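A note on names: the letters A, B, ... follow the listed sequences, proteins ahead of strands, and every chain is numbered from 1. Note that the coordinates shown come from a computational prediction; the quantities given were computed from them, not determined experimentally.
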Number of protein chains: 4
Amino acid sequence: MAIADRRGREKEQRRNTIIDAAEKLFFSRGFDNVSMEDIAKEVELGKGTLYLYFKSKDSLFFAIIFRRWMDLGESITEKVSHGKTGLEKVQIMIRSLIEYARENADYTDMFTTFWPQISLRMGEEDAQTMRETAMKYMPRVHNDVVEGIEDGSVRNDLDPRLLGIYVEMITFYIITPNPSAKCSFEAQGISYDTYVEMLPQFLCPAVARYSKKECGGQDQ
Amino acid sequence: MAIADRRGREKEQRRNTIIDAAEKLFFSRGFDNVSMEDIAKEVELGKGTLYLYFKSKDSLFFAIIFRRWMDLGESITEKVSHGKTGLEKVQIMIRSLIEYARENADYTDMFTTFWPQISLRMGEEDAQTMRETAMKYMPRVHNDVVEGIEDGSVRNDLDPRLLGIYVEMITFYIITPNPSAKCSFEAQGISYDTYVEMLPQFLCPAVARYSKKECGGQDQ
Amino acid sequence: MAIADRRGREKEQRRNTIIDAAEKLFFSRGFDNVSMEDIAKEVELGKGTLYLYFKSKDSLFFAIIFRRWMDLGESITEKVSHGKTGLEKVQIMIRSLIEYARENADYTDMFTTFWPQISLRMGEEDAQTMRETAMKYMPRVHNDVVEGIEDGSVRNDLDPRLLGIYVEMITFYIITPNPSAKCSFEAQGISYDTYVEMLPQFLCPAVARYSKKECGGQDQ
Amino acid sequence: MAIADRRGREKEQRRNTIIDAAEKLFFSRGFDNVSMEDIAKEVELGKGTLYLYFKSKDSLFFAIIFRRWMDLGESITEKVSHGKTGLEKVQIMIRSLIEYARENADYTDMFTTFWPQISLRMGEEDAQTMRETAMKYMPRVHNDVVEGIEDGSVRNDLDPRLLGIYVEMITFYIITPNPSAKCSFEAQGISYDTYVEMLPQFLCPAVARYSKKECGGQDQ
DNA sequence: CATGAATGAGGTTTCATTCAT
DNA sequence: GATGAATGAAACCTCATTCAT
């Protein structure tokens, strides 16, 4: 059993080493400009070895996305737990996402650029993994929103599931604008920094029950 | 001059014919699974001829995106003009975008899937065209927001440019979720229809000055 | 010695188990579409273990062919012994081959399809085995023919070795037509069944001394 | 029209040049040991160009086989026409096949070695071509046999289609033994030359009506 | 004896783009 | 202007075999 254990750990370790290398290369050159050969050389393994750990190049990409996603999920869960009211928790979530996006700009860029296309070709196995993980993290936002409705900090005229989804998706998409979208606001003289930093303030009234009070009063 | 005119018109017509064909094929099979050969056959032209009208495959894709974008821009501008207050105009814009996305699902799907990647490779010429068009349509939202601030229907604690951008981008991204995002809400039992239809209600308080009044009162 | 014996028997048994599995897989999917991995999984052994029993994939294929060949040889030898005259023995051989081919269609198909190519790459060891076995079975046909010449039932104007070879090879090739050859006669409305069943009647005059008498008289 | 004609001729010519080169390489190194790259280099064309003329490597192989097959068919048809009786025509056919096989040993070797396998993977287009050609040449043997039955030179107790097929297929397979089959007779001291030269004499009684007379009397 | 992780060569095919006619 | 033949780079993935454990 000890042996099987070590085997398992070694396998997991090597898998991670490969993901590390692939991540590095994908970040710097983009999915299409990195070949499996390149990745193999980076980790100093044979090309075929990569296929012992990942079914395909797409699947390796998925693993990268997935690892960060889990990481992000854990991190948010932890941070959110410090919020007092439901609204506060939602706001922490938004800020955490923003923070994460800024600290992992290369990741989010790659995600927005390639994920839409690659996710289309996703194999059934990966799709299953994805669904399961989605199931795992979804309840968190939902609970926060419900909590907020109950404690009176969050608006109560929308389906809590929907409210949660909106907040999460909007934040995620806003913080990862695709290159041509970035143009739009930069052409108007608004920096990416301002653009993301103001988001919580913008969204607050759409979430809070009494925006005056909860959001610090919007009138000026 | 008359001859040059006719020439110009004919050229423009043929260009559009090509865009039509490419659009049809890209919609049904995706960007990568359609070759220039396929498109040439569809329009009954030689492969080389396509290159008389478009510098590259990417550029042809850009032309498709661009044509619809202009179309959408014109359509919204017209509809928005019927709004009374600034807030009403913004709301009309949101609803128009939603309506457009639902009527052109194949287009928006293709846009979200391939545009992020292709826009990265965009040539300078197309990039310029894009910037200019962005410049052309941006003032509209901005003006609506400013109008709303002035007539007291829109919140006044945010840079009007930023507010406009948020509303536009959020709406656009929300109505065109990528496949894996779609999973998220469908897994929670929320249909795409509900998901887009409730968006105006969700966003309203984030835009309106006095949400109680402007958005029909959110408490229930 | 008893231990060595058991070892030997066990080894032989395992070898056969592997051949069984490989046969099954090769029959259903063809040589190229079956990997050593597949075979290993089928017998529930490690991939490396296969190489303890067979030098190479080709060699394993050879073993399959060889085992059936021996089996066929034994079976024919036994059946032929019941023939009275030389001609009768030759005829029994022909019919036995036909019968065998029909009962082992998957084997003969695989043989005609892959053997030509694989036999080219045959290692010296296997080639030697093959030669020795050929040596073992060849005399049988030869003897039958000679017996027939002596008892006056078989034609005497041809080298008996040649006659034996012709009959054996013709029968074997005719009963295992390659797919494109099968087309030929099926296109003319002749079924495989008819095609093989009539062969003895066709060949008889080429073997018998007085075809009128021996072959039942060919005129009608 | 003249231009289209020239285009057509040039295309045909180039196609043949490619077949020539491929044939040469396949003959000397075998199908598997020749890459499309090798062939492209041999004809001094780009690799992709080959695919303008042949759908796949298999299809190019098919074209080689096919060209020779047509050639053989024409040649036999011509020669056979000089025969007087039906039996004579059949005999000419047999001898022509033998002659052809000896003059094109490299071709027949390659045919027997690789065709069985490649024909399995044959695309529908090629399969269709093959069926049509088979249809074209089949009637010839059949007619010869029928003629022989009518003029009393060929046995009349077998379906003439079957008789024709037997003769053709047997001859073809006998003259193109696979390597391991060759072993069999060489091990018994019979040369390939003797082996093929005696075939007509062996087969004659199986075809002729009165073998004594027609085949020169078989008793010695 | 048994294993299975690691290897890495190897080849087909596709397709955007060019350019001579 | 229109054509379509020619190009050739580029990359994925498979799998027989080896060898350390």
Q) If you measure from CH2 on W115(C) to OG1 on T113(C), what distance do you get to the nearest 0.5 Å? A)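 The CH2 atom of W115(C) sits 13.5 Å away from the OG1 atom of T113(C).
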
Verify the contact: side-chain N or O of [X] to OP1 or OP2 of [N], cut-off strictly under 4.0 Å; return yes or no.
X	N	result
K47(C)	dA2(E)	no
K11(B)	dG1(F)	yes
R14(B)	dG1(F)	no
Y51(D)	dA5(F)	no
Y53(D)	dA6(F)	yes

Q) Under 4.5 Å between any side-chain heavy atoms of I65(C) and Y107(C), yes or no? A)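 Yes, their side chains come closer than 4.5 Å.
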
How long is the line joining [atom1] of [X] and [atom2] of [N], in whole Å?
X	N	atom1	atom2	result
L60(D)	dT12(E)	CG	P	10 Å
F54(C)	dT18(F)	CZ	P	16 Å
D32(C)	dC15(F)	CG	P	9 Å
K41(B)	dA16(E)	NZ	P	13 Å
D38(C)	dT17(F)	CG	C1'	16 Å
R15(D)	dA6(F)	CZ	C1'	17 Å
L45(D)	dG4(F)	CG	P	20 Å
E37(C)	dC15(F)	CD	C1'	9 Å

Q: Between L50(D) and F31(A), just flag the one whose closest nucleotide in DNA chain F comes earlier from the 5' side.
A: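 Comparing both residues, the 5'-ward one is L50(D).
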
**Q.** Residue whose closest nucleotide on DNA chain F lies nearer the 5' end, D58(C) versus G48(D)
**A.**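 Here G48(D) is the residue nearer the 5' end.
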
**Q.** Base-pairing mate for dT21(E) - Watson-Crick or G-U, with both contacts under 3.5 Å
**A.**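 Paired with dT21(E), as far as the under-3.5 Å criterion goes, is dA2(F).
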
Q: Hunt down the Watson-Crick or G-U wobble partner of dG11(E), both distances under 3.5 Å, from any strand shown, or write none.
A: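 Here dG11(E) is engaged in a pair, and the nucleotide opposite it is dC12(F).
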
Q: State which of dC1(E), dT17(E), dC13(F) makes the closest approach to the side chain of S56(B).
A: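 That would be dT17(E).
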
Q: Using only heavy-atom distances, determine whether the side chains of S35(B) and D38(B) contain a donor-acceptor pair under 3.5 Å.
A: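 Looking only at side-chain atoms, D38(B) and S35(B) do form a donor-acceptor pair, the distance falling under 3.5 Å.
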
(Q) Any donor-acceptor pair under 3.5 Å linking the side-chain atoms of D126(D) with those of T129(D)? (A)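 On atom types as modelled, these side chains do not qualify, holding no pair under 3.5 Å.
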
Q. Contact class for T49(D) (heavy atom, under 4.0 Å): base, sugar-phosphate, or nothing?
A.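 Here T49(D) touches the bases of the nucleic acid.
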
(Q) Does the plane of the ring in F31(A) sit parallel, tilted or perpendicular to the ring in F114(A)? Use 30° and 60° as the thresholds. (A)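 Judged by the thresholds at 30° and 60°, the geometry between F31(A) and F114(A) is tilted.
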
